[in-house]
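First comes the structure, then the notes that go with it.
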Amino acid sequence: MKVYQARLVTPFAVLGILTDHEQLTGIDFLPVEATALEPQSLFAREVCAQLQAYLADSQFRFELPLLPRGTPYQQKVWQALLKIPAGQSESYGALASQLGSAPRAIGQACGANPIPVIIPCHRVLGKDGLGGFMNHSDGGALKIKRWLLEHEHVQLRPAG
């Protein structure tokens, strides 16, 4: 069972915040009926404050130390995601071309992203639409992706 350092209520889910000392290691999308949890540390409080700033202003730029755990390939994809500015999108295919990979592998790395919202995997779209989110191609996961994209005023057609 995961021990969250905070659970932040948002319009689309309750965000379960996971930290390791002064680094953010994960954000889980919990059901909207999940109970809020006040931050358990000063760092968790800062994470929540920055997430709330993003919810108030989609152009907010996060400045948090991140510690996403994953394979070297996943790390490379996640670093590329951090370069996609708020309000813009990229296609799985374009990212695959940039990284010398395949679109499906990009999608799998996006689905394994442990720090969504801050590492913006939601900004990666399929060539003909939303694509998937959190390893799902329908349902609640895509509702969250659509909410995040609408919040950022992202066109639902990828730039590349």
Side-chain angles (χ1 to χ4, degrees), residues 1-19 24-39 44-62 64 66 68-70 74 77-96 101-160:
M1 183 170 178
K2 294 182 181 180
V3 178
Y4 295 107
Q5 284 71 52
R7 287 191 297 269
L8 178 67
V9 176
T10 72
F12 53 86
V14 173
L15 301 181
I17 308 300
L18 297 160
T19 65
L24 180 61
T25 60
I27 295 177
D28 290 341
F29 294 110
L30 306 174
V32 292
E33 59 272 2
T35 308
L37 173 67
E38 289 296 316
R45 185 174 311 283
E46 179 61 22
V47 171
C48 290
Q50 289 197 30
L51 284 164
Q52 289 169 323
Y54 165 77
L55 293 172
D57 175 8
S58 65
Q59 298 302 304
F60 177 80
R61 294 183 60 115
F62 293 100
L64 293 166
L66 307 178
R69 293 182 173 100
Q74 290 170 332
V77 172
W78 300 336
Q79 287 301 311
L81 297 178
L82 287 167
K83 295 176 185 170
I84 304 171
Q88 295 183 27
S89 65
E90 191 63 81
S91 71
Y92 294 102
L95 276 176
S101 185
R104 184 174 299 266
I106 297 293
Q108 289 170 339
C110 286
N113 174 11
I115 310 176
V117 180
I118 295 173
I119 298 177
C121 53
H122 61 278
R123 296 179 188 150
V124 182
L125 305 176
K127 65 181 175 184
D128 296 320
L130 282 180
F133 191 57
M134 301 183 311
N135 291 321
H136 293 87
S137 58
D138 59 10
L142 284 189
K143 286 180 183 176
I144 293 170
K145 183 173 185 172
R146 188 178 306 279
W147 191 98
L148 293 166
L149 292 170
E150 288 174 359
H151 175 63
E152 295 183 10
H153 309 288
V154 173
Q155 297 292 324
L156 296 185
R157 303 294 287 167

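Residues: numbered from 1 along the sequence shown.
Residues Val77 and Gln74 fail the side-chain proximity criterion, which asks for heavy atoms closer than 4.5 Å. For the pair Arg45 and Ile17, the minimum side-chain heavy-atom distance is 4.5 Å or more.
Interatomic distance, Arg123 CZ to Glu90 CD, rounded to the nearest 0.5 Å: 12.0 Å. How far CG of Leu66 is from CD1 of Ile27: 8.5 Å, rounded to the nearest 0.5 Å. If you take CD on Gln52 and CG on Leu8, they are separated by 5.0 Å, rounding to the nearest 0.5 Å. Atom CH2 of Trp147 and atom OG1 of Thr10 lie 6.5 Å apart (nearest 0.5 Å).
Between His122 and Phe133, the two ring planes are perpendicular [angle over 60°; tilted spans 30° to 60°].
Remark: the backbone N or O of Thr19 is paired with a side-chain donor or acceptor of Gln5 at under 3.5 angstrom. With hydrogens and angles ignored, the 3.5 Å screen pairs a side-chain donor or acceptor of Arg7 with a backbone N or O of Thr35. Under the 3.5 Å distance criterion, the side-chain polar atoms of Lys127 are left unmatched by any main-chain donor or acceptor of Gly93. Under the 3.5 Å distance criterion, the side-chain polar atoms of Lys145 are left unmatched by any main-chain donor or acceptor of Leu125.
Take Tyr4 and apply the ring pair (Phe, Tyr, Trp, His ring centres under 6.0 Å) test, not counting sequence neighbours, and it matches no residue. For Lys2, the salt bridge (Lys or Arg N to Asp or Glu O under 4.0 Å) criterion is met by Asp28, not counting sequence neighbours. Every residue meeting the side-chain contact (heavy atoms from CB on, under 4.5 Å) condition with Val9, not counting sequence neighbours, appears here in chain and number order: Val14, Ala36. Residues satisfying the side-chain contact (heavy atoms from CB on, under 4.5 Å) criterion with Ser58, sequence neighbours excluded, are His151, Glu152, His153.
Pairs passing the salt bridge (Lys or Arg N to Asp or Glu O under 4.0 Å) check and including a residue from residues 52-61, sequence neighbours excluded, do not occur.
Pairing each heavy atom of Leu18 with each of Val3, the nearest pair is CD2-O, 3.4 Å. Closest of all the heavy-atom pairs between Ala13 and Phe29 is CB-CD2, 4.0 Å.
Exactly one residue among Val154, Leu149, Leu81, Leu148 makes a side-chain contact (heavy atoms from CB on, under 4.5 Å) with Pro120. That residue is Leu81.
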Donor-acceptor pairs are to be reported for all side-chain atoms of residues 102-118 against protein atoms at under 3.5 Å, with residues two or more places apart or in another chain.
| residue | atom | partner | partner atom | Å |
| --- | --- | --- | --- | --- |
| Asn113 | OD1 | Ile115 | N | 2.9 |
| Asn113 | ND2 | Ile119 | O | 2.7 |

Exercise for the section: Kindly indicate, with the supporting measurements, whether the criterion side chain to side chain contact (heavy atoms under 4.5 Å, CB included) is fulfilled by Phe12 and Leu55. Expected result: CA-CA 11 Å; Phe12 53 86; Leu55 293 172; 3.9 Å; yes
